[in-house]
Structure formats: C-alpha cells, structure tokens
Amino acid sequence: MNAPAQDGPRTLVAGAGNIFLGDDGFGVETVRALAGRPLPDHVEVADIGIRGVHLAYRLLDGYDTLVLVDATARGGEPGTLYLVEPDPGGGTGVPTDTGTDSGALDGHGMSPDAVLALLDTLCAGTGAQPPRRILVVGCEPACVEEGIGLSPRVAAAVPGAVRMITDLVHPSAPARTGHTGGAHP
C-alpha cells in the first residue's frame, strides 16, 4: 500500500482477516482506511488478509516493529478496541483457534500466533531477526459468519483504530497498551 524509506528502524502495519467472514475483515478495512493517511517514512501499511505465510516471509525483510490489526475476540462488547503488547515468546494474546483440528500448516487460516511461530522457525533457519516489538490492535467482533461487510459497531470502531495506529507509529507517540475500553480517544 505504501513503501517506507529503507534507512533506520522500519514498522509494518499489517491488516489481517477474511473479508468474506463479516467482522473478521476488521484488520483489512482498517488498513484500507489508514493507507490514505500521512504516515512517517519508516512505516509501511499492508493488507495481508488471510495470507499468513506471506506475512511471516515478509517479516524476514527486517522490520523493527509489527503492528498487527485483526479482529480479536476477548470477551468485550462488539466494537471494543484493544491494544495488546505480547510478552516476548508468549504469543500475541490473540485467540489461536483456526477452526481446524489438523496439525498441518494452513496458509489461509493461520492465527497470529501460528504466523509468529512460523516466523521464529524461519528466523532460526535463515539467521534473520524477528521484529523487536509486536503490537496487536484488535477489535471485538460481533459476527464472524459468512457475509461481506462489517457489523455497524465494528465499522464504527475503524476510525478509532486508525487514530490508535497513527498515534503508535508517530515517533512522539507514548507507549500505551492494554484494554482501551472502547474507541481510542
């Protein structure tokens, strides 16, 4: 969606999700809205969609920070925004159920934790370094059943998520993590 300058630390804002499963498309819709905004040169915005393997390989290109944007069911009210900074090696804090019982790698149904586990394996094999910092900007979904388009409450949360991400990627942004309780101010 946009390409950063190659000098210094780089940030990838990656929108994940399946636009054919209602609110699961939150990450994709959010990065679409973010793409038209002015961002620092070190920030790259990408619609990853359901291409988890692609994201893992892309991260081998040397990003300092990953901001993963995804629907995140954590038990709150639909449309609630979350900012999660996972513990290193502790997963993303995003539910890992992919809807399959198979241990096989599914490139189109990988949870964020599965993507990061694949990245760890790839880094071990190539000597590359994973992002130093990983942030998850999530939104509580109302419905992730077949259907195109976000529910009204999740659609209303997209502008707040865009503001949250914009605040995070600007150099003067304070580090804020945890449950926001709703749309980011």
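Heavy-atom basis, side chains included; hydrogens, waters and symmetry copies ignored.
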Problem set entry | Chi angles and distances behind the side chain to side chain contact (heavy atoms under 4.5 Å, CB included) call for Phe26, Asp70 | CA-CA 6 Å; Phe26 167 78; Asp70 200 2; 5.9 Å; no
Pair [X] + [Y]: basic N to acidic O under 4.0 Å:
X	Y	result
Asp64	Arg132	yes
Glu77	Arg153	yes
Arg74	Glu140	no

For this session: Would you mind telling me which of Val67, Leu12, Leu119 makes a side chain to side chain contact (heavy atoms under 4.5 Å, CB included) with Pro131?
Result: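 Single pass found, and it is Leu119.
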Output the distance between atom [atom1] ([X]) and atom [atom2] ([Y]), rounded to the nearest 0.5 Å.
X	Y	atom1	atom2	answer
Leu34	Leu39	CG	CG	5.0 Å
Glu146	Asn18	CD	CG	9.0 Å
Leu21	Asp23	CG	CG	10.0 Å
Ile19	Arg32	CD1	CZ	5.5 Å
Ile48	Leu55	CD1	CG	5.0 Å
Ile134	Leu116	CD1	CG	4.5 Å

What are the two closest non-hydrogen atoms of [X] and [Y], and how far apart are they?
X	Y	result
Gly138	Thr72	CA-OG1, 3.2 Å
Ala161	Leu81	N-CD1, 3.5 Å
Arg10	Asp61	NH1-O, 2.9 Å
Leu60	Cys123	CD2-SG, 3.8 Å
Ala157	Gly79	CB-O, 3.4 Å
Leu68	Ala16	CD1-CB, 4.1 Å

For this session: Determine, stepwise, if the pair Thr11 / Leu66 fulfils side chain to side chain contact (heavy atoms under 4.5 Å, CB included).
Result: CA-CA 6 Å; Thr11 298; Leu66 168 64; over 6 Å; no
For this session: Check step by step if side chain to side chain contact (heavy atoms under 4.5 Å, CB included) holds for Ile148 and Phe20.
Result: CA-CA 5 Å; Ile148 297 176; Phe20 298 111; 3.7 Å; yes
Exercise. How far apart are the C-alpha atoms of Met164 and Leu83, what are their side-chain angles, what is the distance that settles it, and do they pass the side chain to side chain contact (heavy atoms under 4.5 Å, CB included) test?
Worked result: CA-CA 9 Å; Met164 183 186 289; Leu83 176 59; 4.0 Å; yes
Pairwise side-chain contact, [X] with [Y], heavy-atom cut-off 4.5 Å (strictly under):
X	Y	value
Val169	Pro40	yes
Val137	Leu168	yes
Pro9	His42	no

Exercise. Under 4.5 Å between side-chain heavy atoms, hopping through other hydrophobics if needed: is there a path connecting Tyr82 to Val144?
Worked result: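 They do not share one cluster, since no chain of ILVMFWY contacts under 4.5 Å joins Tyr82 to Val144.
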